[in-house]
A.B. asks: 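Quick one: this structure, given as structure tokens, is what I'll be asking you about.
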Amino acid sequence: MNEEHLWCLKENGYDAGLHKHYEGLFTQGNGYMHARGSFEEGCSDAPQDEEYLRFPDNVTLEKPRHPKSKQGTFIPGIVAQHPLLKEEIVNLPYMLGLELRSAGESLDMDRSRISGYSRWLDLRDGCLHRSLIWETPGGMLLKCTFERYISIADKHLCIQRIQVEVLAGEGRLEVRATLRGDVRTNGMNHFARIVPGAEGTAGGLSLETLTEQGNQIFMHSVLDATEAVTWQEENSLVTAAHRGEFAVQTGDRLTVSKLTAVTTDRDIEEGGADSRVLAQLSQAREIGWDQLYERHAACWKSKWQEADIIIKGDDLAQLNVRASIYHLLRANAPEDARVAICAKGYAGEAYFGRYFWDTEINLLPFYLHTNPQAARNLLLFRYNTLDGARRNAQNYGYRGARYAWESSLSGEEQCANWQYADHEIHITADIVYALYHYVRATGDQDFLEHYGIDILVETARYWCDRVDWNREGVGELLGVMGPDEYLPFTRNNAFTNRMVKFSLEQTIACLDSLQGSKPDSHAAAVERLGIRPEEQELFRYTAEKLRLPYDSGTDIVPQSDDFASYADLDFNSIWTDRSRPFGHFISQERNYRSKALKQADVLELMLLFPQEFSKEQLKASYDYYEPITTHDSSLSVAVHGIVASWLNQPEAAANFLQRVMAIDLSLEKKGAAEGIHIANCGGLWQLIVYGLAGLKSAMWSKDIKLAPRLPKGWTELSFQLAWQGERYRITIHPDAHEVHKLEGRSYVAGTTL
Ligand code: BGC
């Protein structure tokens, strides 16, 4: 059966206004490197080296530059300093350049006579295809097919091919292959030196880049053509280029391939990046095109076996879910714990390649249950950046470790906006929650003993300093921004206080249990971290005395102590176009004193601690908050979908499901233009698994427990689940479900970097 419509994201017909959206949506990558889905030849009127100064702003509401096209090549870990915005991931030289030229015209999607255009990303193997017919000024009809992939098996390789079939006419055709250094990141030039090279006439290109931060990036390409050709060097100051000319006539088929290897001085592999790039390239040529593809496709296949969600009865949902899973698989580097997953999934410059709470709360569950090793590495990243978190605490005058709202590679705070940097402190507790989620889902107690304990103790120290004590001796968290970023400075945010209490409780429990069961390990931690007995008592006392602004009798759980005192808004009169964010229709000043939520806050709390709230509390809170929640953040809709599903409101759940799927895929919103909303991709996974399949979180259940509520029309939902070191297949039908244990263990202990 042809399953293409369930696996291929398609662009039928070219619309320049949508190009940037498709650039984001069609991003390819393999964890090590990523490239946006730009055209090989670029776009007219879309220079990539425009210089400008971007100011600290609210990213959600900022009007982005580059209306038509922004190319992007990202290697997680290669960063530079922006003068106002701090650390940002560098947009690297463009390695995909392949241009066609005939009778004085360069093939250009906007200016050439083009018909029969279509483009599609095949999610099965991450290959991007483009097909079109170009009528050249010389009267030739050329069917051009472009294909490319970034190998997920051989991570340093990018493989491209153009095929030109002459449907009519004859003439000359030029092919120009480039590696281009005229690229800016958010308007900044982060390159200190670029050296283009082109080796002889055999089609070898190279571009060696030194960033201002001192990283070296080597890009080397070799070209191959099915017809004899002499490649002419056409290098410029920052671009390596080779041009070849072919005489063609009706019936001819010409194929030109470009194989590019990329290495950097930051790679995990040992040895100089300059020699490794050459070795990569010659090895790849030895392996050959077909074998390279087979290795790549086999690797994707095994990833899909572990991570796919199969939906029968709703083809659109099937395709959209796979699009999200594709990006989750692509964006993660499961064996490199020096990097995590940035907020735009390495598919754009927005959010500067930084790490947010998105990783722990929105993304982690997907990895926990599909590839626990990847989940472990994401947590190891937080362990590896503990020193940065210690420095953050110190900068604020506290002991211990305070994780950054927007983390750099080394863990230091990069957020240029004080509201979030100073007040969105829940991130520090979210990391501990995620740590426990991992340990409970995998049973990997060793992780806690060797790495987790340091995070627990250091963050507990921070919390003990951050808590304020009121006259009754009750602990409070004042001056806090909860997940809802439209209230920047509240008292005792329910979400934050509960997460912090949990974090402190687990620190004590961990220390107690270690002392009882592994005294040597406990003694080593006491020594390493300098834990004093009275400190342990302080953790216990603070955990006990930290107040929550609700109890089991509270009907609508208040978002914070002061929530009721904010102004009510008449949303209809303010928010006159609901296709745009609410934040565009109100000043920040007014927003900050009003009851308008940017995103789920109390409901997020209820999602993370479901057993602590009654059905009545869940319903009352949902009924109260949902109408005043703007969902201006992409992290919000999935949470509401899960709660609606738990409340047995199938229509609302189905509606939220549609909205979640539209976030990156909607053509009206051009959702993916600035990158992928990767947290929402994780949110979609959670909506299906926690919401529609009703899986009880591994945080609170040792066994797999399901309470499925399939949307109308779905005849089957099935997926694999890694759980406590084993793998299961879950299959759900409208009236029955089964959990089937698969052979083999899923968990493999990893290494620390
Ligand atoms: C959201 C945050 C999120 C960030 C990065 C913001 O718009 O409000 O919760 O962490 O985007 O995705």
Side-chain angles (χ1 to χ4, degrees), residues 13-17 19 23 38-50 68-69 71 93-119 129-148 160-183 196 198 200-205 207 221 223-258:
Y14 172 67
D15 174 349
H19 179 55
E23 282 184 320
S38 307
F39 295 137
E40 286 75 359
E41 68 279 7
C43 281
S44 49
D45 314 316
Q48 298 296 310
D49 56 354
E50 188 198 352
K68 196 164 160 191
S69 161
Q71 299 166 350
Y94 189 67
M95 63 181 167
L96 302 173
L98 274 174
E99 301 154 19
L100 295 178
R101 195 172 168 83
S102 185
E105 180 186 272
S106 297
L107 170 72
D108 181 305
M109 291 301 301
D110 287 311
R111 297 189 176 154
S112 303
R113 287 167 73 96
I114 286 168
S115 57
Y117 169 86
S118 74
R119 191 157 63 133
H129 306 258
R130 176 165 54 134
S131 173
L132 56 92
I133 295 169
W134 174 28
E135 189 179 336
T136 69
M140 279 198 293
L141 268 191
L142 303 178
K143 179 164 188 214
C144 308
T145 312
F146 296 76
E147 288 167 316
R148 68 179 196 233
Q160 296 175 262
R161 181 145 52 190
I162 308 185
Q163 287 186 358
V164 182
E165 187 184 342
V166 186
L167 301 180
E170 60 182 299
R172 298 194 81 74
L173 177 69
E174 289 170 33
V175 178
R176 191 166 179 269
T178 61
L179 296 169
R180 286 194 4 242
D182 54 344
V183 177
T201 53
L205 292 174
L207 196 74
S221 305
L223 305 172
D224 261 321
T226 47
E227 299 297 319
V229 61
T230 304
W231 295 100
Q232 304 286 332
E233 182 198 309
E234 282 193 351
N235 286 359
S236 67
L237 227 51
V238 294
T239 294
H242 256 169
R243 187 173 57 84
E245 227 180 285
F246 304 86
V248 292
Q249 59 183 23
T250 310
D252 281 357
R253 279 167 197 264
L254 168 72
T255 303
V256 176
S257 316
K258 180 180 177 196

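Only heavy atoms go into these numbers, but all of them, side chains included; no hydrogens, no water, no symmetry mates. Counting from 1, the numbers follow the sequence of the chain as shown. All of these numbers come straight from a predicted model, not from anything done at the bench.
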A.B. asks: Could you check Val238 against Asp49 for side chain to side chain contact (heavy atoms under 4.5 Å, CB included), going step by step and ending with a plain yes or no?
C.D. replies: CA-CA 11 Å; Val238 294; Asp49 56 354; over 6 Å; no
A.B. asks: State which residues pass side chain to side chain contact (heavy atoms under 4.5 Å, CB included) with Asp110; sequence neighbours excluded, sorted by chain then number.
C.D. replies: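 Counting only residues at least two positions away or on another chain, Asp110 forms a side chain to side chain contact (heavy atoms under 4.5 Å, CB included) with Tyr14, Ala16, Ser44, Lys68, Asp108.
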A.B. asks: Would you say the side-chain atoms of Thr250 pair up with the backbone N or O of Gly169, donor to acceptor, closer than 3.5 Å?
C.D. replies: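 Yes; at least one donor-acceptor contact below 3.5 Å.
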A.B. asks: With no hydrogens and no angle check, is any side-chain donor or acceptor of Asn235 less than 3.5 Å from a backbone partner on Ala241?
C.D. replies: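 Side chain of Asn235 to backbone of Ala241, a donor-acceptor pair under 3.5 Å: yes, one is there.
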A.B. asks: Measure from the side-chain N and O atoms of Lys258 to the backbone N and O of Ile162, and report whether any donor-acceptor pair falls under 3.5 Å.
C.D. replies: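 Here the side-chain-to-backbone pair does not exist.
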A.B. asks: Mind listing the closest non-hydrogen atom pair of Ser106 and Ser112 along with its distance?
C.D. replies: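 The pair with the smallest heavy-atom distance is O-OG, 3.4 Å.
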A.B. asks: Kindly say whether Ala46 contributes a backbone atom to a donor-acceptor pair with the side chain of Gln48 at under 3.5 angstrom?
C.D. replies: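 Looks like yes, one N/O pair under 3.5 Å.
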A.B. asks: Report the distance from atom CZ of Arg101 to atom CG of Leu107, rounding to the nearest 0.5 Å.
C.D. replies: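 If we round to the nearest 0.5 Å, Arg101:CZ and Leu107:CG are 11.0 Å apart.
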A.B. asks: What I want to find out is whether Arg111 reaches Asp45 closely enough, with some N-O distance under 4.0 Å, to be called a salt bridge.
C.D. replies: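 Answer for the salt bridge query: yes.
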A.B. asks: Does the side chain of Met109 come within less than 4.5 Å of Phe39's, by heavy atoms?
C.D. replies: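 In contact.
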A.B. asks: When rounded to the nearest 0.5 angstrom, what is the spacing between OH in Tyr94 and CD in Gln71?
C.D. replies: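 Atom-to-atom, Tyr94:OH and Gln71:CD are 4.5 Å apart.
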A.B. asks: Without swapping roles, check the side chain of Ser221 against the backbone of Leu205 for a donor-acceptor pair under 3.5 Å.
C.D. replies: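 Checking the backbone N and O of Leu205 against the side chain of Ser221, no donor-acceptor pair under 3.5 Å is found.
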A.B. asks: Could you tell me whether a side-chain N or O of Ser102 sits under 3.5 Å from a main-chain N or O of Arg172, the two making a donor and an acceptor?
C.D. replies: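 Yes.
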A.B. asks: Under 3.5 Å, is there a donor on one side chain and an acceptor on the other for Ser257 and Arg161?
C.D. replies: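 Note: Ser257 and Arg161 side chains miss the donor-acceptor criterion.
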A.B. asks: Which side-chain N or O atoms in residues 139-148 pair as donor and acceptor under 3.5 Å with protein atoms at least two apart or in another chain?
C.D. replies:
unit_1, atom_1, unit_2, atom_2, d
Arg148, NE, Gln28, OE1, 3.0
Arg148, NH1, Ser38, O, 2.9
Arg148, NH1, Glu40, OE2, 3.0
Arg148, NH2, Arg36, O, 3.3
Arg148, NH2, Ser38, O, 3.1

A.B. asks: Taking all heavy atoms of Leu254 and all of Glu227, pick out the closest pair and write down the distance.
C.D. replies: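 Of all heavy-atom pairs spanning Leu254 and Glu227, the closest is CD1-CG, 3.5 Å.
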A.B. asks: Within the side chain of Gln160, is there an N or O that forms a donor-acceptor pair under 3.5 Å with the backbone of Leu96?
C.D. replies: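 Judged by distance alone, yes, a pair lies under 3.5 Å.
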A.B. asks: Arg176 pairs by salt bridge (charged side-chain N to carboxylate O under 4.0 Å, His left out) with which of Glu245, Glu99, Glu41, Glu233?
C.D. replies: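 In the set Glu245, Glu99, Glu41, Glu233, the residue that makes a salt bridge (charged side-chain N to carboxylate O under 4.0 Å, His left out) with Arg176 is Glu99.
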A.B. asks: Under 4.5 Å between any side-chain heavy atoms of Glu135 and Ser115, yes or no?
C.D. replies: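 Sidechains of Ser115 and Glu135: no contact.
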A.B. asks: Rounded to the nearest 0.5 Å, what separates atom CG in Leu223 from atom CH2 in Trp231?
C.D. replies: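 The distance works out to 5.0 Å.
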A.B. asks: Nearest 0.5 Å, what's the CG-CD distance between Asp182 and Glu50?
C.D. replies: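 Interatomic distance, Asp182 CG to Glu50 CD, rounded to 0.5 Å: 13.0 Å.
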A.B. asks: Would you compute the distance between atom CZ of Arg119 and atom NE2 of His129 and round it to the nearest 0.5 angstrom?
C.D. replies: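 So the CZ of Arg119 and the NE2 of His129 are separated by 12.0 Å.
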A.B. asks: Just how far is it from atom CG of Leu207 to atom CZ of Arg180, taken to the nearest 0.5 Å?
C.D. replies: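 Interatomic distance, Leu207 CG to Arg180 CZ, rounded to 0.5 Å: 10.5 Å.
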A.B. asks: Can you tell if the side chain of Leu173 reaches within under 4.5 Å of the side chain of Val164, non-hydrogen atoms only?
C.D. replies: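 The answer is yes, as the side chains (C-beta and beyond) meet within the 4.5 Å cut-off.
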A.B. asks: Which heavy atom of Ala103 sits nearest a heavy atom of Gly138, and at what distance?
C.D. replies: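 Closest pair (atom of Ala103, atom of Gly138, distance): CB-N, 3.6 Å.
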